[in-house]
Amino acid sequence: MRPIAILVVIAALVIAGVVFTYLRRQRMRDEYSLLWILLVIGVVVLAVFNEIVDEAAEALDIVYAPSLVFFLGFCFTLLLLFHYALEISRLAEQNKVLAQELGLLKTELARPKAAARGGASPSGQGPPERGGG
Amino acid sequence: MEIRKDVPKVLIIVPAYNEERSLPGVLAAIGETAADYDVLVVNDGSSDGTSRVAHAGCAEVIDLPINLGIGGAVQAGFKYALSHGYEAAVQVDADGQHLAEEIPKLVEPVLHGRYDVVIGSRFLEPTAYRGSPRRRLVIAFLSWLCSRLAGVKVTDATSGFRAFGPAALAFVAANYSVDYPEPKIIPAVSRRRLRIAEVSVEMKQRESGVSSLTGLKALHYVINVTLALLVDAVRKRPEAESGG
């Protein structure tokens, strides 16, 4: 193995260790762990069997083989960013609904005669229905 | 709270973010000229005394734990109105821009069922409003775009001074955008076959507030809203509707 390959394998193992540590402390959800572990495995495989890159580059008519690795890395990063954009949008929406529900519930709690209003719940989810007036 | 017969249940929703200075005046003016209506202040995670002055002003108050932005705050008010059986809701800004004596003008058409959404416009007829030329141009362009997308003529698409009738209230409580809600909701309610109208109102220049459209900011705003409107026009709906 070339020295650079050893270095890459060590780096990959460090990443794997970090991922595992966060998983163990339950600071990262399992659904994300698979992604990072697959990435680590991919990096190790390409570092050890670097002829895969050369052959693939040749098959794809890529003159400078490492640019294939950069390209794949770039695609991976873009996909990851896109995934995060979707996740952030989803979380922001959930966050908004929760904040609204919390605000509405606090107002209901503070009202002394809450039951007098027909017991309408401040739920904003589901098909909208008129509360009892 | 005395029992009122025959008086339709109308809720005035006042979204407020750090408006402790202007809010008391707004609530006092509403109390004087629109006393038949209930008032709800949605405190959008303010860091100042907005909640305190809202309570002191005899309004019902929703304190949102975090700042959601105008759309999220107003939607919380719509949800409240819907779950408490209000027939109509009016959005009135806390910065003193909207005049309390104009509220009945907006409420009247939705209560009589002539329209589902009524927008208070500064440009329908000549009014005393004098915004900067840049601001007027931005509003004119967005109003034109909204009119085209909605199939209804609108002259003040960014006006936040609006009344919503029962059918519209159910819709906006469930579907209200966080970003640029004012222009975006116009084509959205129109696609639902809800009827939109404008009435001419006077507005004051903002007493306080930061909504300044200067230079690149105006361009950025126009591009963002235009994109949002166009994307919204082709967005997949929960229910299949014929296009047009």
Side-chain angles (χ1 to χ4, degrees), chain A residues 22 25-32 35 74-133, chain B residues 1 3-4 7-11 15 38 40-46 51 54-55 59-88 164-179 181 192 238-239:
Chain A
Y22 277 89
R25 291 187 195 157
Q26 301 196 327
R27 298 244 322 254
M28 182 163 54
R29 293 178 59 165
D30 293 347
E31 55 180 292
Y32 294 113
L35 188 76
F74 182 63
C75 288
F76 175 81
T77 311
L78 273 188
L79 278 174
L80 200 63
L81 286 176
F82 189 70
H83 173 74
Y84 286 157
L86 293 181
E87 281 289 285
I88 289 168
S89 303
R90 193 176 61 84
L91 289 171
E93 178 63 25
Q94 290 179 345
N95 201 32
K96 182 196 81 173
V97 173
L98 284 175
Q100 288 174 339
E101 292 269 315
L102 180 58
L104 288 161
L105 285 171
K106 276 197 299 188
T107 304
E108 293 301 317
L109 268 179
R111 188 204 307 274
K113 290 179 285 182
R117 271 271 164 91
S121 86
S123 165
Q125 290 300 90
E129 283 173 1
R130 301 295 306 277
Chain B
M1 231 179 278
I3 296 158
R4 299 184 302 254
V7 178
K9 288 185 80 183
V10 177
L11 182 69
D38 292 344
L40 171 73
V41 173
V42 185
N43 167 29
D44 191 12
S46 301
S51 180
H55 281 287
E60 187 72 275
V61 183
I62 292 178
D63 285 307
L64 294 175
I66 46 177
N67 178 246
L68 292 182
I70 180 79
V74 174
Q75 191 185 23
F78 293 147
K79 287 178 176 178
Y80 177 94
L82 192 66
S83 66
H84 288 83
Y86 285 96
E87 287 171 35
F164 298 85
L169 198 51
F171 176 67
V172 291
N175 309 272
Y176 205 64
S177 177
V178 175
D179 24 66
R192 282 286 170 136
E239 286 165 42

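Within every chain, numbering begins at 1; the chains are lettered A, B, ... in the order of the sequence lines, protein sequences first and strands thereafter.
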ask   = Under 3.5 Å, is there a donor-acceptor pair between the side chain of A:Lys96 and the main chain of B:Val178?
value =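 Looks like no, no N/O pair under 3.5 Å.
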
So does [X] have more than 12 non-hydrogen atoms from other groups sitting under 6.0 Å from [atom1]?
| X | atom1 | answer |
| --- | --- | --- |
| A:Tyr84 | OH | yes |
| A:Arg25 | CZ | no |
| A:Gln94 | CD | yes |
| A:Phe76 | CZ | yes |

Can you measure from [atom1] ([X]) to [atom2] ([Y]) and round to the nearest 0.5 angstrom?
| X | Y | atom1 | atom2 | answer |
| --- | --- | --- | --- | --- |
| B:Ile62 | A:Lys106 | CD1 | NZ | 10.0 Å |
| A:Leu102 | B:Asp63 | CG | CG | 10.0 Å |
| B:Tyr80 | A:Glu108 | OH | CD | 6.5 Å |

Closest non-hydrogen atom pair, [X] against [Y]:
| X | Y | result |
| --- | --- | --- |
| B:Lys79 | A:Leu104 | CB-CD1, 3.9 Å |
| A:Thr107 | B:Glu60 | CG2-OE1, 3.7 Å |
| B:Ile66 | A:Asn95 | CD1-ND2, 3.5 Å |
| B:Pro65 | A:Ala99 | CD-O, 3.5 Å |

request  = Answer with side chain, backbone, both or neither: which region of B:Leu68 has an atom nearer than 4.5 Å to a non-hydrogen atom of chain A?
outcome  =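 The answer is the side chain of B:Leu68.
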
